[in-house]
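Note on naming: letters A, B, ... go to the chains in the order of the sequence lines (proteins, then strands), and numbering restarts at 1 for each one.
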Protein chains: 2
Amino acid sequence: MNHRKVNVTGQIGKSDVVRAGTFAFEKENSFVTIKDIADYVGVSTATVSLALSRNARITKETRDKVFEAVKMLNYRPSTAARNLALNRTKTISLILPEIKHLFLQPFFSLSLNGVYDACLENGYRLQIEVASYQFVKRKRYLRLFQERAIDGLLYVGSTLSDLYLNELNDTGFPVVLSGSYLKNSRIPYVIGDNRKGGEIATMHLFTLGRRKIAHIIGSFNIPSAVDRFEGYRKVLREKNLAYSSHFIGIGKFTAEGGFQAMKKILDYEPDAVFAGNDIMAEGAIQAIKDAGLKIPDDISVCGMDDLPLAKRITPALTTVKYDIYKIAYRAARKLIGKIEGKRNGRSSEFVSVKLIIRESCGAKRGK
Amino acid sequence: MNHRKVNVTGQIGKSDVVRAGTFAFEKENSFVTIKDIADYVGVSTATVSLALSRNARITKETRDKVFEAVKMLNYRPSTAARNLALNRTKTISLILPEIKHLFLQPFFSLSLNGVYDACLENGYRLQIEVASYQFVKRKRYLRLFQERAIDGLLYVGSTLSDLYLNELNDTGFPVVLSGSYLKNSRIPYVIGDNRKGGEIATMHLFTLGRRKIAHIIGSFNIPSAVDRFEGYRKVLREKNLAYSSHFIGIGKFTAEGGFQAMKKILDYEPDAVFAGNDIMAEGAIQAIKDAGLKIPDDISVCGMDDLPLAKRITPALTTVKYDIYKIAYRAARKLIGKIEGKRNGRSSEFVSVKLIIRESCGAKRGK
DNA sequence: TTGTAAGCGTTATCAA
DNA sequence: TTGATAACGCTTACAA
């Protein structure tokens with residue numbers, strides 16, 4: 001054969017003369033293009049393109065020849081050229097809030113896992129962005145869209161103040177929120193049933209005879225946290241338990257925050273605490289132990305999320321399972337569905353929650 | 001002005017007739033292109049392009065007019081078109097090993113933070129890939145390169161068996177390893193001084209009078225873990241301490257693994273343990289406490305990495321600071337340097353380590 | 001200092 | 001069933 005030699009890396013030893021210069025020189029490190037395939041097979045680039053997309057009107061014979069050539073020359077289409085021609089990138093951006101040690105927080109790291117898996121399954125690339133001050137103020141989110149660098153945007157853990165997302169959504173650009181939502185907004189989201197979770201947790205403590213139930217909320221600025229809080233309040237109301245601000249602490253979603261919040265609450269002698277997440281529960285447990293109190297004998301502790309740590313700590317934490325991975329996975333799938341123009345059911349979705357009984361509340365297992 | 005109306009989103013109400021079809025129709029949702037700017041200003045697209053890149057040979061006057069038009073029409077260049085013309089993407093891929101709950105591991109989450117920051121500072125986009133079985137066996141890493149989807153590749157936490165990276169590196173494609181390295185490979189890397197860390201930790205325990213020093217290694221398949229182990233062995237050798245396989249546990253980089261490894265080691269009554277990282281140290285501490293032993297009175301525990309948890313646990317963990325964030329940040333910078341053809345010093349870099357004395361070894365502070 | 005036009009590597013239209 | 005060729009939106013060599 002008089003065809004060019006091909007090496008393992010997919011580059012071929014071309015000897016094309018490059019642009020009309022004074023000196024002709026060898027084009028080094030150039031990539032195999034659709035033109036090379038066309039020449040090799042002896043057809044036009046149009047035919048190659050059609051054959052590659054398995055268009056029915058190309059004979060099996062030429063299609064086979066094309067695929068053979070692709071293999072021989074180790075051809076791969078240029079992403080940029082394809083993106084330009086098709087006006088899409090098969091890439092989505094995952095936007096994350098700007099938080100110190102962001103990925104040390106299970107919520108975000110599990111979300112990332114879920115989004116990644118959904119992308120992989122659908123042939124999308126995943127690009128990461130952090131919603132820094134710059135990102136918001138300089139309207140970088142709009143630039144991503146205007147520069148056509150991505151096909152859609154997934155926001156994990158947005159706060160109530162992220163209203164700028166509406167502007168983006170209103171342009172028709174695909175946006176989906178994961179694990180959060182915006183008030184008065186038409187941006188679709190996927191989220192767990194936080195309110196229900198708060199109810200289940202609080203109700204569990206009530207059922208065990210607890211009447212002085214405290215709550216540690218992550219932040220009043222995060223919708224999902226507020227919903228958990230509202231579930232808690234609902235049970236208090238229904239069961240005619242007194243609500244006291246002394247029983248409410250703000251734990252900033254961290255163990256340290258949970259620890260500090262619990263310390264203050266302990267002055268008012270609660271007999272139970274529903275921590276807004278497992279991490280704050282871990283901190284609260286530390287504070288209770290430090291105060292010389294026994295769990296669950298003196299105080300019951302219930303968490304939420306069911307992170308790996310819930311099993312590991314002592315006592316093992318009773319908590320409400322909140323499947324962060326699944327939420328993110330579904331959100332990413334929803335986004336991709338939007339991008340590809342599929343009508344996929346309701347615009348927003350809820351993922352259900354479930355009580356996981358362990359040792360920190362004093363309930364008998366299997367009950 | 002008789003120019004087109006522009007809305008906030010950067011789209012303009014065009015009324016261009018699109019391609020010669022039977023019916024002319026309005027092009028909806030089309031983006032502002034460089035042609036629009038050229039028409040608006042009354043110059044050629046070449047001039048606009050040059051003006052935008054602040055080429056000196058364009059008069060300030062026209063340049064100003066161009067920038068004015070850009071603002072008016074809310075123009076943003078098409079990423080795809082630019083990538084195609086310039087044959088680069090300003091995107092790098094971060095490759096991560098396939099590990100369950102990957103980002104719950106501080107090593108990876110801190111690395112991600114470092115890489116992201118370096119990208120942001122240099123105007124690069126960050127794309128995430130997981131080195132799954134498919135990724136390796138199907139040679140997806142080669143495809144990323146061949147499809148010209150990225151300009152370079154950063155691998156965090158490669159293992160000794162990731163030899164396929166050599167193949168990629170040998171093509172001349174920019175590859176850098178962060179926090180790891182390959183034996184007999186010319187791939188540049190940035191890493192902390194693990195061997196030194198192992199030495200410092202073990203030496204610290206020796207200085208405190210400990211003579212039966214155990215070690216928990218993450219895995220014998222990870223270069224950095226092996227190096228930490230070798231630092232440990234070096235001190236044993238130098239101080240004529242007996243080396244016993246009973247004093248070596250494999251902790252799989254997890255708290256649970258550290259717990260199990262320590263439990264077995266305890267049978268042989270060590271008076272100190274150097275855990276290969278803080279997470280395993282946390283597990284080891286749990287095992288020691290469960291055995292009814294006091295830290296540091298009965299057993300000294302020294303970790304490595306200095307993660308946030310080191311401060312938090314009881315007793316506060318003496319450890320070797322290993323700046324994962326910085327390593328990843330530097331590695332990303334090195335990669336970008338390679339991409340942009342800069343000769344930036346030595347091909348590999350070491351980040352120094354440092355002993356952080358807290359309470360778990362029994363040393364006096366400030367000593 | 002600016003304009004013309006080629007080139008980047010695809011896809012897609014329309015004619016053959 | 002296939003081929004020419006325009007189009008995607010930018011950069012750049014070269015001419016004016």
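Each of A:Ile58 and A:Leu86 was assigned the nucleotide of DNA chain D with the nearest heavy atom; the assignment lying further toward the 5' end belongs to A:Ile58. Annotation: of the two residues near DNA chain C, B:Thr47 and A:Lys35, the 5′-most nearest-nucleotide partner is B:Thr47.
No engagement by A:Ser53 is indicated, since no non-hydrogen atom pair under 4.0 Å with the nucleic acid exists. Residue-level contact check: A:Arg88 touches neither bases nor backbone, having no heavy atom under 4.0 Å from any strand. Note on B:Arg57: a base of the nucleic acid sits closer than 4.0 angstrom, heavy atoms only. Note on B:Thr59: only backbone sugar-phosphate atoms sit closer than 4.0 angstrom, heavy atoms only; bases stay farther off.
Using modelled atom types and a 3.5 Å distance limit, the side chains of A:Tyr189 and A:Glu349 yield no donor-acceptor pair. Checked by atom type, the side-chain pair B:Glu121/B:Tyr329 shows a donor-acceptor distance below 3.5 Å.
Considering only side-chain N and O atoms, B:Ser44 lies under 4.0 angstrom from the phosphate OP1 or OP2 of C:dG3. Checking the phosphate oxygens (OP1, OP2) of D:dT2, a side-chain nitrogen or oxygen of A:Thr62 falls inside 4.0 Å. Look at B:Ser49 and you won't find any side-chain N or O under 4.0 angstrom from OP1 or OP2 of D:dC10.
Distance CZ (B:Phe31) to P (D:dC8): 14 Å, rounded to an integer number of Å. In this structure, A:Leu50 places its CG atom 14 Å from P of C:dC14, rounding to the nearest Å. Here the P atom of nucleotide D:dG9 and the CG atom of B:Asp39 are 13 Å apart, to the nearest Å. Here D:dC10 presents its P atom at 17 Å from NZ of B:Lys90, a figure rounded to the nearest Å.
Judged by the 6.0 Å and 45° rule, B:Arg76 forms no cation-pi pair with B:Phe31.
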Show, in sequence, the C-alpha distance, side-chain angles and deciding distance for B:Tyr116 and B:Tyr124, and conclude whether the side-chain contact (heavy atoms from CB on, under 4.5 Å) test is met. CA-CA 9 Å; B:Tyr116 179 80; B:Tyr124 275 71; over 6 Å; no
